[in-house]
K.L.:
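Here it is: the structure, laid out below.
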There are 2 protein chains.
Amino acid sequence: MDSDVDRGSGTGRSRIADVAALAGVSPATVSRSLSGQGNVSAQTRERVRDAARRLSYVPSPLASGLASGRTRTIGVVVPFLTRWYFGSVVSGVTRVMEAAGYDVLLYHLGSAADRDRFFARMPLARRVDGVLSLCMPLTEDHTLALRALDIPLVSVGSRMAGLPSVCIDDVAAAHAAVNHLINLGHENIAFVGGIPDDPGFGFVSSELRLRGYRSAMGAAGLAPPSALEVFGRYGIDGGATAMARLLSGARLPTAVFAEYDELAFGALWSLRRAGLAIPQDVSVVGLDDHEMAEVLDLTTVGQDAASQGSLAATMLLETLDGRSDTPPTDIVLPTELRVRGTTAPPRRGVGVVPST
Amino acid sequence: MDSDVDRGSGTGRSRIADVAALAGVSPATVSRSLSGQGNVSAQTRERVRDAARRLSYVPSPLASGLASGRTRTIGVVVPFLTRWYFGSVVSGVTRVMEAAGYDVLLYHLGSAADRDRFFARMPLARRVDGVLSLCMPLTEDHTLALRALDIPLVSVGSRMAGLPSVCIDDVAAAHAAVNHLINLGHENIAFVGGIPDDPGFGFVSSELRLRGYRSAMGAAGLAPPSALEVFGRYGIDGGATAMARLLSGARLPTAVFAEYDELAFGALWSLRRAGLAIPQDVSVVGLDDHEMAEVLDLTTVGQDAASQGSLAATMLLETLDGRSDTPPTDIVLPTELRVRGTTAPPRRGVGVVPST
DNA sequence: CTGAAAGCGCTTACAG
DNA sequence: CTGAAAGCGCTTACAG
């Protein structure tokens, strides 16, 4: 903290008039000196800054936002906070925003009910300069409402019509995962996906990854019976549940592609509980390269979530600062297959019979 | 979204005067009708609400905050976002705050530099009605600066002098973990802890858990050589690194207590890479009951992080709404040992010799 | 129950 | 380069 002034008198309790008085100038000059906007003689500025420091003056963000029309705050809307992807993205976002002196308002809408309440109240209106929407499953009405805010919007993790975005190519990532299995010689490949608790709260990326799975299978001439597409709730337990369903089926697949790593973790768990050997009995591949993937030796297709967050934040800032000469773009970040220990060629001969 | 009015004209673009005009009342009456404060005839109120709905009027949070002195916003300060504990706490916090109609400002200060910049700028001043500090490693000056804000403060995850808090008893939790190992017959028990990248950015809970380890060992007459206390960075990789150090030591412990689960995950990884069997060669116990703990079959001492968040949020709200008849308290949530597959009695006879 | 007025604490044309 | 003044959009005593 600062040296020896204003101890105990309270940070942020003095107003611009106090600083003006102490520095012997007008409030207008204080404002200009502190913001760096407008011409102020170097000498005056120093005097003002000194006074401000003495009084631990911090301009009221509310007042300056109201007067200037810029809040220097952005809103981030997320469906989850405890999933790896979202935590990492938000982490990347805050890092960039804090460095730029922006505050971030976090809206955590984990269900359709939360989301609808949010849109009814619209706490974003006149409160933020821009919005980052992380994979939020939005209806057309929601999107319209967001647009009606008339402030810059960036979508991360999924594309939204007419909006700049930063994401990965989900279809291609799924292809990479499934092709890896196909190249190893697998034919009987299952898909483990996440489904929402609420109808209408499903992620676009889930759809795309499912589509990628199907098309990779199709391209290899392996039309999967739909019994091989199983779903569980988002999160680790959902992967376990979905895998359990597969284990209770007539014929166990030799390989599994989980839409994202946390589902794969759950799947691994179910497989181990069932006494199956990985990858000998069943291969498993995920998507994310979650920090636990290496610990569990999971083969996966990696994406860089934190970079998605910081890139999206940077795009938003550029638009806000008006230094965006480039038109809104869609940035597609690369993904990369990381082969680890949970995938191997299928066993020759007879298929495995589930032990449960 | 709402029915059929104001499509396209933009949410939040109308001001209180517009609503007043449409309803044929004064702005003051609009304010009273919408806020529910002050006496307004039921009839008038309905008319105003109708007008507001038609115009999709949402009061400017900045203006009303400035005028009323209440921002209906709280600040949450966290050192990490991608660690299980913090994600879970923040999740609990947002759930409560959103239900109460409060917004949450997220400050993610992952390093001493971030933290110092934050305190220099003090973006919290006049911007929030209250603050939740999650385990932030704060110096006395920081604490004073926070106090100088003169708004309600709640600490979660660690106690701060004179502040209400909600946490667990870290010493007791560590005792439970270590005593479990001792009761199994272990004597040669190591401690795996996390250390900060920056000096002065270490967590209080880490200290307490280390203290708990030492006192449990001491109480059992097992004074551990300090070579058995090893540290790595926060996170999974840090646990792996710390465990590797143990593996390169002269004598391998028969059991390991990791200060929290993510470190334990890393430790498990190192052990497996070294070809050691768990729990036969080495037992491992963590602290948290992280959602991955079950997947990895990790014995651990569980805590409920989300509840810590929602409880702290509730405490803060009660203070803010002035309905706190109870003086500031320290809530201590229970922890519970969950015995799973990574702990067992030590092997009889000769100690294991590391294979690396 | 309702309105006119002052005020919250800034910023920014507008003059000079 | 600097200041006086208006205004941002609300809320809340104060009257009536």
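Each chain gets a letter, A, B and so on, in the order the sequences are listed, and its residues count up from 1. Predicted model, so just to flag it, every value in this text is computed and none were measured.
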K.L.:
It should be established whether A:Ser64 places a side-chain nitrogen or oxygen under 4.0 Å from OP1 or OP2 of nucleotide C:dC10.
P.N.:
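Looking at the OP1 and OP2 atoms of C:dC10, neither is under 4.0 Å from any side-chain N or O of A:Ser64.
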
K.L.:
Partner of C:dA13 by Watson-Crick or G-U wobble geometry, both contacts under 3.5 Å, or none?
P.N.:
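For C:dA13, the partner nucleotide comes out as none, under the 3.5 Å rule.
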
K.L.:
Reckon A:Ser26 has a side-chain N or O less than 4.0 Å from the OP1 or OP2 of D:dA4?
P.N.:
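For D:dA4, neither OP1 nor OP2 has a side-chain N or O of A:Ser26 closer than 4.0 Å.
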
K.L.:
Closer than 4.0 Å, any side-chain N/O of B:Arg126 to the OP1 or OP2 of C:dC8?
P.N.:
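Checking C:dC8 against B:Arg126, no side-chain N or O comes under 4.0 Å of OP1 or OP2.
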
K.L.:
Please give, in whole Å, the distance from D:dG9 P to A:Arg127 CZ?
P.N.:
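For the pair A:Arg127 CZ and D:dG9 P, the rounded distance is 16 Å.
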
K.L.:
When you get a sec, tell me which of D:dG9, C:dC10, D:dT11 is the closest nucleotide to the side chain of B:Ser31?
P.N.:
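Closest nucleotide to the B:Ser31 side chain: D:dT11.
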
K.L.:
Let me know the distance between CG of B:Leu34 and P of C:dT2, rounded to the nearest Å.
P.N.:
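Atom-to-atom, B:Leu34 to C:dT2, this comes out as 14 Å.
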
K.L.:
Of the nucleotides C:dC8, D:dA5, C:dC10, which one has an atom closest to the side chain of B:Ala67?
P.N.:
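From the listed options, C:dC8 comes nearest.
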
K.L.:
What is the separation between atom CG on B:Leu66 and atom P on C:dT11, rounded to the nearest whole Å?
P.N.:
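Rounded to the whole Å, the gap is 12 Å.
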
K.L.:
How close or far is atom P of C:dC8 from atom CG of B:Asp129, stated in whole angstroms?
P.N.:
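Atom CG in B:Asp129 sits about 18 Å away from atom P in C:dC8.
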
K.L.:
Taking CD1 from B:Ile16 and C1' from C:dA4, how many angstroms apart are they, rounded to a whole number?
P.N.:
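Rounding to the nearest Å, CD1 of B:Ile16 and C1' of C:dA4 are 14 Å apart.
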
K.L.:
Check every atom of D:dT2, D:dC10, D:dG3 against the side chain of A:Arg32 and return the nucleotide holding the closest atom.
P.N.:
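Between D:dT2, D:dC10, D:dG3, the one nearest the side chain of A:Arg32 would be D:dG3.
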
K.L.:
Take atom OH of A:Tyr57 and atom C1' of C:dG9, then tell me their distance rounded to the nearest Å.
P.N.:
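So the two atoms are 7 Å apart, to the nearest Å.
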
K.L.:
Between B:Gln37 and B:Leu62, which residue's closest nucleotide on DNA chain D lies nearer the 5′ terminus?
P.N.:
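Result of the comparison: B:Leu62.
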
K.L.:
Counting Watson-Crick and G-U wobble pairs only, both distances under 3.5 Å, name the nucleotide matched with C:dA4, or none.
P.N.:
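Per the H-bond distance test, none.
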
K.L.:
Could A:Arg72 and A:Asp103 be called an ion pair, given the rule that one side-chain N must be under 4.0 Å from one carboxylate O?
P.N.:
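Salt bridge flag = no for A:Asp103 with A:Arg72.
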
K.L.:
Identify which nucleotide among C:dT11, D:dG3, C:dG3 has an atom closest to any side-chain atom of A:Val25, counting heavy atoms from C-beta outward.
P.N.:
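The closest nucleotide is D:dG3.
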
K.L.:
Are the side chain of A:Glu98 and the backbone of B:His108 linked by a donor-acceptor contact shorter than 3.5 Å?
P.N.:
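Yes.
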
K.L.:
Decide, yes or no, whether a salt bridge links B:Asp114 with B:Arg117 under the criterion of side-chain N to carboxylate O below 4.0 Å.
P.N.:
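Counted as a salt bridge, because a side-chain N and a carboxylate O are separated by less than 4.0 Å.
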
K.L.:
Determine the interplanar angle of the A:Phe203 and A:Phe86 rings, folded into 0 to 90°, and report it as parallel if under 30°, tilted if 30 to 60°, perpendicular if over 60°.
P.N.:
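Aromatic pair A:Phe203/A:Phe86 classed tilted.
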
K.L.:
Pair B:Val90, A:Leu106 - check side chain to side chain contact (heavy atoms under 4.5 Å, CB included), show working.
P.N.:
CA-CA 10 Å; B:Val90 173; A:Leu106 182 70; 4.0 Å; yes

K.L.:
Rounded to the Å, how far apart are A:Glu46 CD and D:dC1 P?
P.N.:
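Checked: the CD to P distance equals 15 Å.
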
K.L.:
Between A:Asp50 and A:Arg53, does at least one N-O distance fall below 4.0 Å, as a salt bridge requires?
P.N.:
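Looking at A:Asp50 and A:Arg53, the cut-off is met.
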
K.L.:
Between C:dT2, D:dT12, D:dG9, spot the one nearest the side chain of B:Ser41, thanks.
P.N.:
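Selected nucleotide (nearest to the side chain): C:dT2.
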
K.L.:
Mind checking if B:Thr44 touches a base, just sugar-phosphate, or nothing, with heavy atoms under 4.0 Å?
P.N.:
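Here B:Thr44 touches the backbone only, sparing every base.
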
K.L.:
Which nucleotide, C:dT2, C:dC10, C:dC1, lies nearest any side-chain atom of B:Asn39?
P.N.:
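Taking heavy atoms from C-beta onward, the closest nucleotide is C:dC1.
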
K.L.:
Looking only at the side chain of A:Arg15 (C-beta and beyond, no hydrogens), which of the listed nucleotides C:dA4, C:dG9, D:dC10 gets closest?
P.N.:
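My answer, after comparing the listed nucleotides, is C:dG9.
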
K.L.:
Expressed in whole Å, how much space separates the P atoms belonging to D:dA5 and D:dC1?
P.N.:
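D:dA5 and D:dC1 have their P atoms separated by 23 Å.
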
